[in-house]
Amino acid sequence: QVQLVASGGGVVQAGGSLRLSCAASGRTFSGHVQGWFRQATGKEREFVAAISWTAGTTYYADSVKGRFTISRDNAKNTAHLQVDRVKPEDTAVYYCAMGRLPMVVFNPGSYGYWGQGTQVTVSS
C-alpha cells in the first residue's frame with residue numbers, strides 16, 4: 001500500500017521560508033514523478049512543482065519559478081519543497097502526489113497517489 005505523508009507546513013511571514021517534505025512508502029518509485037499541488041480556499045487545485053524520481057528532472061509552475069525548489073532523497077524516499085520569498089497568495093493546503101510515467105506532470109488526474117495535505121499560511 002503506497003502511503004505519502006506531507007509535513008512542514010505552518011504560518012510564515014511574507015518574504016520568509018518553509019520546507020515541506022513528503023515521505024513515500026509502500027513500493028519502489030523508479031519511473032515515477034512526485035508532484036506538489038496546492039489548493040486555496042474557494043479555488044481549484046493547482047500544480048506547483050514536480051520531480052522525476054529517477055532522473056531528477058524538475059518542473060515548476062510559473063507562479064513559483066525562482067522561489068520554490070523541489071528535490072528528492074532517493075535513499076529516504078522523501079521529496080522536499082523549499083519555499084522561499086513566500087507571498088500571501090501562496091497561502092493554501094499543499095498536497096504531495098505520486099504518479100507513474102508516462103504522464104502529464106501538470107495534471108492532477110495523472111497522479112494515482114496523494115498525501116493528506118499540509119497547510120501553509122502566509123501573513124502579510
Side-chain angles (χ1 to χ4, degrees):
Q1 177 106 10
V2 173
Q3 187 174 20
L4 302 177
V5 179
S7 62
V11 179
V12 58
Q13 283 193 327
S17 298
L18 279 176
R19 191 189 195 208
L20 306 183
S21 297
C22 179
S25 61
R27 61 164 296 153
T28 56
F29 294 102
S30 60
H32 284 69
V33 169
Q34 197 272 315
W36 285 95
F37 290 78
R38 66 186 182 186
Q39 188 165 18
T41 302
K43 295 189 176 181
E44 293 187 355
R45 191 168 297 190
E46 66 172 356
F47 171 77
V48 175
I51 187 167
S52 61
W53 208 253
T54 304
T57 305
T58 57
Y59 309 83
Y60 295 97
D62 288 342
S63 58
V64 307
K65 203 172 291 184
R67 299 188 298 120
F68 292 14
T69 305
I70 190 169
S71 62
R72 88 264 190 252
D73 182 338
N74 293 58
K76 296 182 179 180
N77 266 5
T78 300
H80 303 287
L81 184 68
Q82 180 66 36
V83 178
D84 295 321
R85 291 183 280 130
V86 295
K87 304 176 181 180
E89 52 263 42
D90 294 324
T91 295
V93 178
Y94 284 70
Y95 297 90
C96 62
M98 193 75 78
R100 186 168 184 168
L101 290 167
M103 60 182 291
V104 177
V105 298
F106 314 102
N107 181 2
S110 296
Y111 295 80
Y113 307 105
W114 289 84
Q116 83 285 8
T118 185
Q119 175 72 46
V120 172
T121 301
V122 181
S123 61
S124 55

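Numbers here are sequence positions counted from 1. Side chains included, hydrogens not; waters and symmetry mates left out as well; all remaining heavy atoms used.
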Could you give the distance from [atom1] ([X]) to [atom2] ([Y]), rounded to the nearest 0.5 Å?
X: Q119; Y: Q39; atom1: CD; atom2: CD; result: 11.0 Å
X: R67; Y: R85; atom1: CZ; atom2: CZ; result: 7.0 Å
X: E89; Y: S124; atom1: CD; atom2: OG; result: 10.0 Å
X: Q34; Y: T78; atom1: CD; atom2: OG1; result: 9.5 Å
X: I70; Y: Q82; atom1: CD1; atom2: CD; result: 12.0 Å

Any non-hydrogen side-chain atom of [X] less than 4.5 Å from a side-chain atom of [Y]?
X: S21; Y: K76; answer: no
X: T118; Y: S7; answer: no
X: V86; Y: L18; answer: no
X: V64; Y: R38; answer: yes
X: W53; Y: N77; answer: yes
X: L81; Y: V48; answer: yes

More than 12 heavy atoms from other groups under 6.0 Å of [atom1] on [X]:
X: Q13; atom1: CD; answer: no
X: R100; atom1: CZ; answer: no
X: E44; atom1: CD; answer: no

How close do [X] and [Y] get, counting heavy atoms only, and between which atoms?
X: F29; Y: A24; answer: CE1-CB, 3.5 Å
X: G115; Y: Y95; answer: O-CD2, 3.8 Å
X: R72; Y: I51; answer: CD-CD1, 3.5 Å
X: S17; Y: D84; answer: OG-OD1, 2.8 Å
X: M98; Y: L4; answer: N-CD1, 3.7 Å

Any donor-acceptor N/O pair, [X] side chain to [Y] backbone, under 3.5 Å:
X: T91; Y: V122; value: yes
X: Q116; Y: A6; value: yes
X: T57; Y: S52; value: no

Do F47 and V93 share a hydrophobic cluster, counting only Ile, Leu, Val, Met, Phe, Trp and Tyr and linking them when any side-chain heavy atoms are less than 4.5 Å apart?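 Yes, F47 and V93 fall within the same hydrophobic cluster.
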In terms of hydrophobic clusters joined by side-chain contacts under 4.5 Å, are F106 and W114 together? yes
Evaluate L20 against V120 for side-chain contact (heavy atoms from CB on, under 4.5 Å), listing each step before the verdict. CA-CA 9 Å; L20 306 183; V120 172; 4.0 Å; yes
Please check if the distance between the ring centroids of F37 and Y111 is under 6.0 Å.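 Yes; Y111 has its ring centre under 6.0 Å from that of F37.
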Please work out whether the ring planes of Y94 and F68 are parallel, tilted or perpendicular, with thresholds of 30° and 60°. tilted
Decide side-chain contact (heavy atoms from CB on, under 4.5 Å) for T69 and Y60; before the verdict, give the C-alpha distance in whole Å, the side-chain angles of both, and the deciding distance to 0.1 Å. CA-CA 8 Å; T69 305; Y60 295 97; 3.9 Å; yes
Under a 4.0 Å N-O cut-off, is there an ion pair linking D90 with K87? no
